Amino acid sequence: MKNIVLGMMLLFFAFSTQAQESKNKNAKYTIEVNGNCEQCQKRIQKAAFSVPGVKSANWSVETHELSLILNEEKATILDVKMAVAKAGHDTDEVKASVEIYDKLPDCCQYDRK
């Protein structure tokens, strides 16, 4: 009987340790993303959320910063930057193609660097 109780306690401890480890796979990032308005904000956040593993995405119109919480087991920060660029917005590492940028509404076309 003691062996069964001891075995159950060890099993419970193993599962609780494993659950805590998976919570620590999330990382916070802040990246610069070019844009101008609330339409840009919706488009940037939608692109970020399209990447598996993105738990939170919030782009600020004032600071042009995208704050992310990302599960690094499912995606990388480069995956998010590529998704945002495919939506027409430049990041520090990945630039949107000219064709995609030109399709943005006039109010969303920012000064490209």
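For the numbers below, each heavy atom of this structure counts, side chains included, while hydrogens, waters and symmetry mates do not. A quick note: this is a predicted structure, and the numbers were derived from the prediction, not measured.
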Does the side chain of V84 come within less than 4.5 Å of L66's, by heavy atoms? yes
Interatomic distance, T63 atom OG1 to E32 atom CD [nearest 0.5 angstrom]: 9.0 Å
Under the 3.5 angstrom rule, does the side chain of Y110 hit a backbone N or O of D90 as a donor-acceptor pair? yes
Identify which one of N26, D79, V80 satisfies the side chain to side chain contact (heavy atoms under 4.5 Å, CB included) criterion when paired with L70. V80
Linking I/L/V/M/F/W/Y whenever their side-chain heavy atoms sit closer than 4.5 Å, directly or via other members, would M82 and V51 fall into one cluster? no
Check the pair E72 / K25 against salt bridge (Lys or Arg N to Asp or Glu O under 4.0 Å), numbers first and verdict last. CA-CA 6 Å; E72 293 179 315; K25 303 298 184 205; over 6 Å; no
Test side-chain contact (heavy atoms from CB on, under 4.5 Å) applied to L78 and E93, step by step: CA-CA 8 Å; L78 186 59; E93 280 186 78; 4.2 Å; yes
Between H89 and W59, ring centroids under 6.0 Å: no
Decide yes or no for I31 and I77: does some side-chain heavy atom of the first lie under 4.5 Å from some side-chain heavy atom of the second? yes
Using a 4.5 Å cut-off on heavy atoms from C-beta on, say whether the side chain of I69 contacts that of V54. no
The test is side-chain contact (heavy atoms from CB on, under 4.5 Å); show your working for R43 and L104 and say whether it passes. CA-CA 10 Å; R43 187 179 309 104; L104 292 175; 3.6 Å; yes
Do L68 and V94 land in one hydrophobic cluster if side-chain heavy atoms of ILVMFWY residues count as linked below 4.5 Å? no
Between N71 and K55, is any pair of side-chain heavy atoms under 4.5 Å apart? yes
Could you tell me which non-hydrogen atom of S97 sits nearest to which non-hydrogen atom of R112, and how far apart they are? O-NH1, 4.2 Å
So do K81 and D92 actually touch side chain to side chain, heavy atoms under 4.5 Å? yes
Mind checking whether K28 and S67 have side chains closer than 4.5 Å, heavy atoms only? no
What is the minimum heavy-atom distance between G88 and A96, and which atoms define it? C-CB, 3.5 Å
Taking Q109's backbone N and O only, do any of them form a donor-acceptor pair with N36's side chain (distance below 3.5 Å, no angle check)? yes
Tell me, with the steps shown, if Q45 and N58 meet side-chain contact (heavy atoms from CB on, under 4.5 Å). CA-CA 6 Å; Q45 290 175 180; N58 186 22; 3.2 Å; yes
Report the C-alpha separation of H64 and V33 in whole Å, then their side-chain angles, then the decisive distance to 0.1 Å, and conclude whether the side-chain contact (heavy atoms from CB on, under 4.5 Å) test is met. CA-CA 6 Å; H64 295 194; V33 179; over 6 Å; no
Is there a side-chain contact between C37 and C108 (heavy atoms, below 4.5 Å)? yes
Considering only heavy atoms from C-beta outward, does the side chain of K95 approach that of I100 to under 4.5 Å? no
Testing the basics here: between A48 and A57, what is the closest heavy-atom pair and its distance to 0.1 Å? CB-CB, 3.7 Å
